[in-house]
Peer 1: 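My questions will all concern the structure given below.
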Amino acid sequence: MMEHINEPRERFWLKARFLMVGVFFTLGFVAVAGRVYYLQTVESEILQERAAIEWNREVVKQARRGDIVDRNGAELAVSVEVPSIHANPRRIDNPERVARQLQPHLKLSYEDLVARLSRDASFVWLERQTRPSAAEAIRGLDISGVHITREYKRYYPLREIAGQLVGFVGIDGQGLEGLERQLDRTLAGGTYEMRVTRDASGRAMLLSDAPQFGKFEGHSVRLTIDEKIQRVAEQALADQVAEFDAKGGWAVAMDVHTGDILALANTPGFDPNRFRHHTSADWRLRSVTDTFEPGSVFKPFVLAAALQEQATSLDKVYDIEDGRLQIGRNMIRDTKRRDELTAAEIIQVSSNVGSYKLAQEVGKETLYNYIRAFGFGQRSDVGLRGEQPGLVWPADRWPEITFANVSFGQGLTTTPLQLAAGTAALANGGLLMKPRIIDAVLDREGNIVEREEPTLVRRVVSEQVAEQVSWAMSLVTIPGGTGTKGAIPHVTVAAKTGTAQKVNPETRRYDPDMWIAGFVGYAPAEAPEVAVVVFIDEPQETHYGGTVAGPAFARITAEALRVRGVMPLPPGERFQLQEEPPEALASQAAAPAPQHVVTLPTMRVLDPTEDEVAEGQLPNFTELTLRQAIDRAREFGFVPEVTGWGRVISQDPPPGTPLEEVGVLNLALAPGGRHGMLAEEPSAGGRDQQ
């Protein structure tokens, strides 16, 4: 009886439940349909814009950077395509899981990956310029929202070879140091835009025609450097630095006829592929940025001036005062005591007393003019960032002891590049050529877009005088001379050794344990082709230029002659280096040289405060006193950081840098003043007898 009573009630509730479910589904369907209608009508344009932003993008890419090659086309800097990994965090549902999948293939930590994948952004870099193997592994994971693109990475195939010269670029392809920075506009090329969309798998597809990429590529630059000579120069320097436990070294090789720089070497070396593993000091191209007192390698220029002024001849005999000459309370010394030497022998045995007597024949003002005419005390305009002018005080600031010191290369400063250019002028018949590092700018097809032709600066001395100096310098590399270790078999080498003391910045005096050993010269002496200068900084055990720098000079010069196909001259065409100079050479100083080759250019020596400054650029602070430098820096809104004492010899950033790019102005000072750039006790100098 009770079962029949409950049956209608159960049916009622069963129908009610079915009705409720039906109403629920009906309302849900109506809501979905209404939402679809709303999205397709009211918010249609907004959603289309969002989709376009999400899936369609304007991609801006940097074109391929131009190459840097040596004079023969050997690649020094190239750009190669490499993969880069990026992600769209808005399409990643589980950042932790994706981070665990990616972490074994990327350098980022798990925590950093999670942080990047969790950003509210549509694009983040995960790793730029990654390894191809890592990119392939990530591609195989097929993770939605993680993508691979291609970028250009700068690569330096020869690693340390010419590293400081070439420089390097940042990850965005912007030149940061060296020629990469100096020629950034030429090398960088342009940028181009592409419209792309992504399919359901996240793969990019072009929405427009691909641009003609070649139109945007940067130009390539061909240098005058010869990779083979550069390689030998760097290795020869490194070997001598290691053998004598030296601080470092510099070498320059130059074509004497064109001014082409064939090698510009520094040691320690620098690999631009790993520039972050080096300090900023390692990046410096010290052959043009560092100045020093050259020492006795300067003496041939004094002889050239004396010969050109017809004040001496190669066979004129001088009283050497037993190798000791008192000037006031200072003493000039030779290493070996001698009573008499000819002008040629003064160069052969590197006599300080003799060089001073040659300078006296010329006179202060005239010698100063010749020093400037050979290019010292001024930039060569080679086009390398940070080149220093060196320092040569005007003759009216030379007391007698400074005059004496200048005659054997103390009391003035220069760079290896300046010395190479001046030495090449002697080798080139007295013609000073502008140093040249860039040969041509090339388009992507290898056609010349722009070329820098060899440039004659001036004639300094006559061809006859240059030949006389070459004969005297050739005595240096034969028995009895100070540079026999710089000799090359079957080739006459004209050279000069030098050993200059350095000022200790702590004591502010010449330090008997701090030296720069130098060797400069050219070959073949009778018909010169290449000039080479080598300097080793602070060698230990021994410091004589002939012993320390001579072997490196011989290796570099021999390689340069070999690479350039210069054959030894027949014995009959070589200098006959007997005790007395040939009559043809010895007597030519007495005959007046043609006017058009002996006239020296008029040179105005600027007062340091008169240097003109381009608007919006950092001025030149070199040669200023500390007070002058500080006052001038304040005019431009800077308080400089100063090291050393005396007058400014170098600055960083260099002159001409746009003011808005200047962060901290660093000024380096060295001893100077009215009494010349030397300590109270002059250097013994010229210790080149070994």
Side-chain angles (χ1 to χ4, degrees), residues 163-165 167-168 170 174-182 184 247-248 250 266 268 270 272 275-293 377-380 382-391 413-418 502-508 514 516 537-538 606 608-609 611-673 677:
Q164 287 100 343
L165 172 63
F168 56 87
Q174 181 182 10
L176 299 179
E177 280 294 333
L179 289 175
E180 291 278 31
R181 175 171 176 174
Q182 192 79 17
D184 192 49
K247 185 177 179 180
W250 317 286
N266 300 266
F270 161 67
F275 69 88
R276 291 186 179 87
H277 297 270
H278 298 267
T279 66
S280 59
D282 298 330
W283 306 341
R284 291 172 58 188
L285 186 60
R286 296 182 180 275
S287 297
V288 299
T289 64
D290 287 15
T291 60
F292 58 95
E293 298 184 29
Q378 55 206 298
R379 292 181 181 85
S380 69
V382 68
L384 293 172
R385 181 171 173 268
E387 183 188 8
Q388 295 300 311
L391 181 59
T413 64
T414 183
T415 66
L417 179 61
Q418 280 182 351
K502 296 176 64 176
V503 174
N504 188 318
E506 295 182 1
T507 64
R508 302 184 180 182
M514 297 173 63
I516 291 181
D537 189 18
E538 295 188 24
L606 291 176
T609 60
D611 196 16
E612 295 182 1
V613 182
E615 184 177 356
Q617 294 184 349
L618 189 69
N620 183 7
F621 291 89
T622 55
E623 301 188 15
L624 298 183
T625 65
L626 178 58
R627 174 51 56 194
Q628 289 173 329
I630 292 175
D631 290 344
R632 195 167 197 195
R634 285 175 174 169
E635 293 176 8
F636 289 84
F638 300 109
V639 178
E641 293 188 3
V642 178
T643 57
W645 62 282
R647 289 182 178 260
V648 178
I649 60 170
S650 66
Q651 66 181 81
D652 184 30
T657 301
L659 293 178
E660 60 270 16
E661 297 181 10
V662 179
V664 178
L665 174 60
N666 295 287
L667 302 178
L669 284 72
M677 288 189 60

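Here the structure is a predicted model, which is why all the values come from computation and not from measurement. The analysis underlying the following values was restricted to heavy atoms, covering all of them including side chains, and did not include hydrogens, waters or symmetry mates.
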Peer 1: Go through the structure and list residues passing side-chain hydrogen bond (donor to acceptor under 3.5 Å, both in side chains) with Q388, not counting sequence neighbours.
Peer 2: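 Q388: no side-chain hydrogen bond (donor to acceptor under 3.5 Å, both in side chains) contacts found.
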Peer 1: Of all heavy-atom pairs between I630 and P640, which one has the smallest distance, and what is that distance?
Peer 2: CG1-CG, 4.3 Å
Peer 1: Check salt bridge (Lys or Arg N to Asp or Glu O under 4.0 Å) between R385 and all other residues, then give those that pass, not counting sequence neighbours.
Peer 2: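 Result, salt bridge (Lys or Arg N to Asp or Glu O under 4.0 Å) vs R385: E177.
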Peer 1: By side-chain hydrogen bond (donor to acceptor under 3.5 Å, both in side chains), which residues pair with E180, not counting sequence neighbours?
Peer 2: R65, R154, Y156
Peer 1: Hey, does S287 have a side-chain heavy atom less than 4.5 Å from the side chain of T415?
Peer 2: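 They are not in contact (no side-chain heavy atoms under 4.5 Å apart), so the answer is no.
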Peer 1: Determine the minimum heavy-atom distance between P272 and G163, stating which atoms define it.
Peer 2: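 Answer, listing the atom of P272 first, then G163: CD-CA, 3.9 Å.
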Peer 1: Is any side-chain heavy atom of D537 closer than 4.5 Å to one of W250?
Peer 2: yes
Peer 1: Which residues pass the side chain to side chain contact (heavy atoms under 4.5 Å, CB included) test with V639, not counting sequence neighbours?
Peer 2: none
Peer 1: Taking C-beta and beyond as the side chain, do L391 and T413 meet within less than 4.5 Å on heavy atoms?
Peer 2: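 L391 vs T413: side chains touch.
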Peer 1: Determine whether a donor-acceptor pair (N or O, by modelled atom type, separation under 3.5 Å) exists between the side chain of E293 and the backbone of I516.
Peer 2: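 Not confirmed, E293 side chain does not pair with I516 backbone.
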Peer 1: Mark yes or no for whether Q651, through its side chain, and P619, through its backbone, hold a donor-acceptor pair below 3.5 Å.
Peer 2: yes
Peer 1: Please tell me if the side chains of N620 and R379 come closer than 4.5 Å, counting only heavy atoms from C-beta onward.
Peer 2: yes
Peer 1: Would you please name every residue forming a side chain to side chain contact (heavy atoms under 4.5 Å, CB included) with P653, sequence neighbours left out?
Peer 2: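 Once residues adjacent in sequence are excluded, the partners of P653 under the side chain to side chain contact (heavy atoms under 4.5 Å, CB included) criterion are L618, T657, V662, L665.
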Peer 1: Taking all non-hydrogen atoms of both residues into account, name the closest pair between P268 and G248 and its distance.
Peer 2: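 Where P268 meets G248 most closely, the heavy atoms are CD-CA, 4.4 Å.
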Peer 1: By salt bridge (Lys or Arg N to Asp or Glu O under 4.0 Å), which residues pair with E661, not counting sequence neighbours?
Peer 2: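 Salt bridge (Lys or Arg N to Asp or Glu O under 4.0 Å) list for E661, sorted by chain: R181.
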Peer 1: Under a 4.5 Å cut-off applied to non-hydrogen side-chain atoms, are L165 and L384 in contact?
Peer 2: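 Yes; the side chains approach each other to less than 4.5 Å.
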Peer 1: Could you check whether any side-chain heavy atom of F292 comes within less than 4.5 Å of a side-chain heavy atom of K502, counting everything from C-beta outward?
Peer 2: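 Contact flag for F292/K502 side chains = no.
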Peer 1: Can you name the residues that form a side-chain hydrogen bond (donor to acceptor under 3.5 Å, both in side chains) with E387, not counting sequence neighbours?
Peer 2: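 Testing E387 for side-chain hydrogen bond (donor to acceptor under 3.5 Å, both in side chains), a comparison that skips the adjacent residues, returns S380.
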Peer 1: Only counting residues at least two apart or in another chain, list the ones meeting salt bridge (Lys or Arg N to Asp or Glu O under 4.0 Å) with D290.
Peer 2: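 Expected list: R284, R286.
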